[in-house]
Amino acid sequence: MNRAELNRGVGEVLIDEDRLQARIRELGDEITQDYAGKELLLVGVLKGAVFFMADLMRTIDLPCEIDFMAISSYGAATSSSGVVRILKDLDINIGGRHVLVIEDIIDSGLTLSYLVRNLESRDPASLAVCALLTKPERREIDVDVRYVGFEIPNKFVIGYGLDFAERYRNLPFVGVLHDDLMPEGA
Ligand code: IMP
Ligand code: MG
């Protein structure tokens, strides 16, 4: 796909590059203050969080490490199956570490809720969640998210790491998936 084809997948730009980067800097400053004097471990949820995590980490002024987990979510569809499976586990032991889970988006909350319970059982010193986006209207289960970039309406979004059938992650902004591409009943 070239840039024109990529952009045809976008119905509207929801959050442009400047707003994204400005908000990420605010989050980074807040995290830097909250964890002052501590060492942080950022745990990224593959694959969507990679882009946000890379930018966020560069705004955090603390010693920090990263690791990644992959869990199954939607595949090519646009609604949650509720089935969560670990596809790739962490490389390091998080016992006694200050862990900040980095997510691209929280929709039903099912994926994150499973992940938080799983990580808590490994006895970290602390565990919190930072999500770039959240769709409060879609929440099916209560999850405690300490840092949120933006609350967005109930629309399927793409770009800045977010995919539709693995495409569009490379858009530098967050856009709404074009109606023409939206699957029936989603
Ligand atoms: P949840 O378990 O329903 O909260 O789903 C979370 C995961 O679903 C996210 O990490 C995304 O991978 C995916 N997801 C949810 N909403 C969207 C969206 O609007 N665009 C792209 N991916 C989404
Ligand atoms: Mg996805």
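Note that the numbering runs from 1 along the sequence shown for the chain. Numbering of ligands and ligand atoms starts at 1, following listing order.
- Ligand 1 has an N or O atom lying under 3.5 Å from an N or O atom of Gly109, backbone or side chain.
- By heavy-atom distance, the residue among Tyr114, Phe164, Phe156 lying nearest atom 18 (C) of ligand 1 is Phe156.
- Contacts of Ile158 with ligand 1, taken as heavy-atom pairs under 4.0 Å, are absent altogether.
- With a 4.0 Å cut-off on non-hydrogen atoms, Val157 touches ligand 1 through its backbone as well as its side chain.
- Not a single heavy atom of Glu140 sits closer than 4.0 Å to an atom of ligand 1.
- In this comparison of Ile71, Ile105, Asp163, the heavy atom closest to atom 14 (N) of ligand 1 sits on Ile105.
- By the 6.0 Å contact criterion, NZ on Lys135 is enclosed, its count of non-hydrogen atoms from other residues, nucleotides or ligands being greater than 12.
- Within the listing of ligand 1, atoms 19 (O) sit less than 4.0 angstrom from a heavy atom of Lys155.
- Close approach to Leu162 involves these atoms of ligand 1, each under 4.0 Å from a residue heavy atom: 21 (C), 22 (N).
- Counting all heavy atoms, side chain and backbone alike, Ile152 lies closest to Pro136 at O-CD, 3.7 Å.
- Atoms of ligand 1 found under 4.0 Å from any heavy atom of Thr111 (numbered from 1 in listed order, with element): 1 (P), 2 (O), 5 (O), 6 (C).
- Here the side chains of Arg146 and Cys130 are not in contact, with every heavy-atom distance at 4.5 Å or above.
- Of the N and O atoms on the side chains of Asp104 and Tyr160, not one donor lies less than 3.5 Å from an acceptor on the other residue.
- Scanning all heavy atoms of the two residues, the minimum distance from Tyr168 to Ile158 falls at CG-CD1, 3.7 Å.
- Using modelled atom types, one finds no donor on one side chain facing an acceptor on the other under 3.5 Å when comparing Arg97 with Ser126.
- The shortest side-chain heavy-atom distance between Gln21 and Ile24 falls under the 4.5 Å cut-off.
- In this structure, Arg138 has no heavy atom closer than 4.0 Å to ligand 1.
- Residue contact check for ligand 1: Leu112 places no non-hydrogen atom closer than 4.0 Å to it.
- Ligand 1 places these atoms under 4.0 Å from at least one heavy atom of Glu103: 10 (O).
- Checking Arg122 against Asn118 by side-chain atom types alone, a donor-acceptor pair falls below 3.5 Å.
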